[in-house]
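First the structure, in the form of structure tokens, and then the observations on it.
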Amino acid sequence: MHPQEWMSVESPGLYCKPADIYIDPMQPVAQAIVTHGHADHARSGHDTVYASDDTIAIMHTRYGEEMAKNTHGLAMGEIKQFGKKDDPVLISLHPAGHILGSCQVRIEYRHQVLVISGDYKRRPDPTCDLFEILPCDVFITEATFALPVFRHPPIEHEIAKLLSSVAVFPDRCHLIGAYALGKCQRVILGLRNAGYSKPIYLHGALIKLCNLYQSRGIDLGELLPVSDVDDKKLLAGEIVIAPPSALADRWSRSLPKLRTVMASGWMQIRARARQRLVELPLIISDHCDWPELLQTIEEVNPQEVWVTHGREDALVHQSTKMGYTTKALRLIGYDDEDETG
Amino acid sequence: MQAFSNLLEQLYYTSSHNAKAALIIDYLRNTPDPDRGWAIAAIAGTLRFDFFKRNTIKQLILERVDPVLFDLSYDYVGEMSETVAHLWPDSHQHNRPLPSLGELVEQFTHASRQAIPDMLIDHLNSMNAAQRWALIKLGTRGLRVGVSARSVKQILARYGDKPVAEIERLWHGIAPPYIELLAWLEGKAAPPDISNKITFSPVMLSHPLSLEEVLPWQGERWQIEHKFDGIRVQLVIKGAEKALFSRNADDISHTFPDLLEQVSVDAVVDGELLVMHGVDVAPFNDLQQRLNKKKPTKKLMETHPAGLVAYDILELENRSLVDLPLEKRRTYLLDWVKRQNTSRVQLSDILPADSESELRSLHQHASDNLAVEGLMLKRVDSIYTPGRPKGQWFKWKREPKLVDAVIMYAQRGHGKRSSYYSDFTFGAWQGETLLPIGKAYSGFTDEELKKLDNWVRRNSIGRFGPVREVKKELVVEVAFDAVHPSSRHKSGVAMRFPRINRIRWDKPANEADTLENVVGLIET
Ligand SMILES: [Zn+2]
Ligand SMILES: [Zn+2]
């Protein structure tokens, strides 16, 4: 049976009727599959949550142990049966390459397969497995950076920009705005891989999630809370990471001779960077750029493409031109900027 | 080109003026001629022609990118050069050496129109996105990196450790790529020879008056004139060539051809530019209409004719007068004005005041004329000294007007103030609603700024990009010089020089002024 008969967009989010389950619902529901821990996908208050173990750990860290009545951790590739015994819906999770614990959702029902990409990227990321190509009839893809102007440079290139700035301005405190989950840790690992071994200083809002990453076996090196530094002048020449909202806020005034840095895929657009008064924009994204979105559609090679979460128009246009039946799924409530750029 | 692109990239993202200056000075030090001079020209906006047209760029990109995708991208990015820079297909020829800035200028200057597109394609192919952006901005003369022509001159002065007045004097007599200028700044050559060129002479400025500085009053020592509410200009006539400069040395000749056409006799004259109907001088708002139009229409020049109230003279028929005292210069000025065959030039009248009370009375009545915003007091023995010498010239503005307005929006400032909400939009009541009547970002102390910033953060009710909307609760007393009718603003009024005079923490918002009160302050 064609997936459009059994998948629909309801007000809490994407819904699979024969399994009676929502994917990344925005409101509390009885059964939810959560692709990953970003706040625009993972909400608290559901009765039962199915997700990867890492995602469940992230949700516990962010929302507390009471975030759902029941949680079921699923291993990558493990098939879980929903619906009626004689008319089953088979659901499994697969790596999406976006952040720690992020998954795609594969749903098979009456000989048709639908894959929901969730948020994903194709570049290697030491905190999660590579995106897996899953053959399917319908592929639902995200479209956060779905415009041909978006072409992300290699992360090594951007980290080198940062380190050369630290070398040129040795007396300035480099304050990097980076989202607390995923981006922050990726920047830290990028610095470590480039040989930066000094302590990295953190805004209080980033500490819990970094600790979680460390406890799950990802070595971030020495991290110190900014609040533990009594004489803030000592932060001259050091690297500090904070959530983007803290960049030009009162919190940052205590830091010496700031140089404002921001790590995000949006930094490719000059006006965006300048609007935030960023002096050194780093184009570091946890999503696909335009060529990668097109490459993925070609490799998955589904019968149909549904586009959601971002700039749908351009991708619908291009995917149709490539010969795929394509439509935009207008899901509401997904915040494509404030956490996950 | 590489170095130039790097410089632009850094300038673009740097907000402090000092840091920008340091970047440019570093570039000048490490870049050979003529590249660095062309870079200065690109930043200061003194390149004489476009290398290529925006339309050419658009055509080239549409040959390479799906038009639907181009439109969607352009809508999103909001700016043509950057859209094209990102969309241009990467041909991975980045290791091909790029032409130098000088070579680029050379190529585009001499290329035939038909050859330009192919040249452009070739260059764009061998560049990365940042370099493409720099080339398109350079070639269409659309560079905006937050460094004005005036700042460029200040930076050059700093680079060569020379007074900025010296650079301003030379500026209009020299042309890119400024090789002689840079050699002089580096102490390797004499200053560029500008004896046959039309140039700007740095102007003499006044101090705000505090009355005790001129008391006890000795009328015979002072020349008193009206302070007109126009813009200060310098008129230069040398043979067939004529130019009009603003006091910051911007050449504004093309905006006021009607005035330039009429004047004659070689001279450098200091005066106030105004809209004038014969001897009748119109208020500033009329001049604003002219300033808004870079190239005025014939009709606008008829309804709003430009004129000059002349008050000083620096040079007459090749003789420099700056070392003469003001009263001597005045006789030469009279002579020059008399020889004009036009009523567009008027002599600034000398006003008599034999006693302190007469002086005060002059000040009180100065603003009876709407085109006048106060008095000028100049020592009759003052020689013409560029800059702001002490004790020579004073301006005595009329008392400011005041209204109580309600803060509506706040925006972060720049540079040192970038973490503070320091730019305020305020409004007046029309019935139950507030209409914005102006913006102010000065008048308060650092201590008050901290308090305002704190208040904004605690009372914010909405956010649009960098702007915060606040609760309509805080009243400020706004001081301003004048208010005019304006069709550009929803409130229908525009203020001149508004600043925050006092913060009225005590005053309830509903007791602030109404728009009707504000409109009542318009003088007609
Ligand atoms: Zn997302
Ligand atoms: Zn995400």
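Letters A, B, ... are given to chains in the order of the sequence lines, protein chains preceding strands, and every chain is numbered from 1. The basis for the numbers below is simple: all heavy atoms, side chains too, and nothing from hydrogens, waters or symmetry mates.
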| request: Sort Ile269(A) into side chain, backbone, both or neither according to what part of it lies under 4.5 angstrom from a heavy atom of chain B. | output: both
| query | Relative to chain A, which segment of Asp71(B) carries a heavy atom at a distance below 4.5 Å: side chain, backbone, both, or neither? | reply | neither
| Where does Val278(A) contact chain B at under 4.5 Å (heavy atoms): side chain, backbone, both or neither? | backbone
Contacts under 3.5 angstrom, residues 151-167 of chain A side chains, donor-acceptor by atom type, not counting sequence neighbours:
residue	atom	partner	partner atom	Å
Arg151(A)	NE	His86(B)	O	3.4
Arg151(A)	NH2	His86(B)	O	2.0
Arg151(A)	NH2	Trp88(B)	O	3.0
His152(A)	NE2	Ser285(A)	OG	3.2
Glu158(A)	OE1	Lys161(A)	NZ	3.0
Glu158(A)	OE1	Ile283(A)	N	2.7
Lys161(A)	NZ	Pro281(A)	O	3.2
Ser164(A)	OG	Lys161(A)	O	3.4
Ser165(A)	OG	His174(A)	NE2	2.6
Ser165(A)	OG	Arg259(A)	NE	2.8

| field | Asp171(A), CG atom: more than 12 neighbouring heavy atoms under 6.0 Å | value | yes
| Top residue by heavy-atom pair count (under 4.5 Å) with chain B, among Gln318(A), Arg250(A), Lys321(A), Arg270(A)? | Arg270(A)
| request: Quick one: which of Val77(B), Asp66(B), Thr14(B), Thr83(B) has the most heavy-atom pairs under 4.5 Å with chain A, could you say? | output: Asp66(B)
| Between Thr296(A) and Arg122(A), a side-chain donor and acceptor under 3.5 Å | yes
| note | Under 4.5 Å to a heavy atom of chain A? For Phe70(B) that would be neither
| Between Phe139(A) and Tyr120(A), what is the ring plane arrangement, given parallel below 30°, perpendicular above 60°, and tilted in between? | perpendicular
| said: Counting only heavy atoms from other residues, nucleotides and ligands, does the tally under 6.0 Å from CZ of Arg54(B) exceed 12? | reply: no
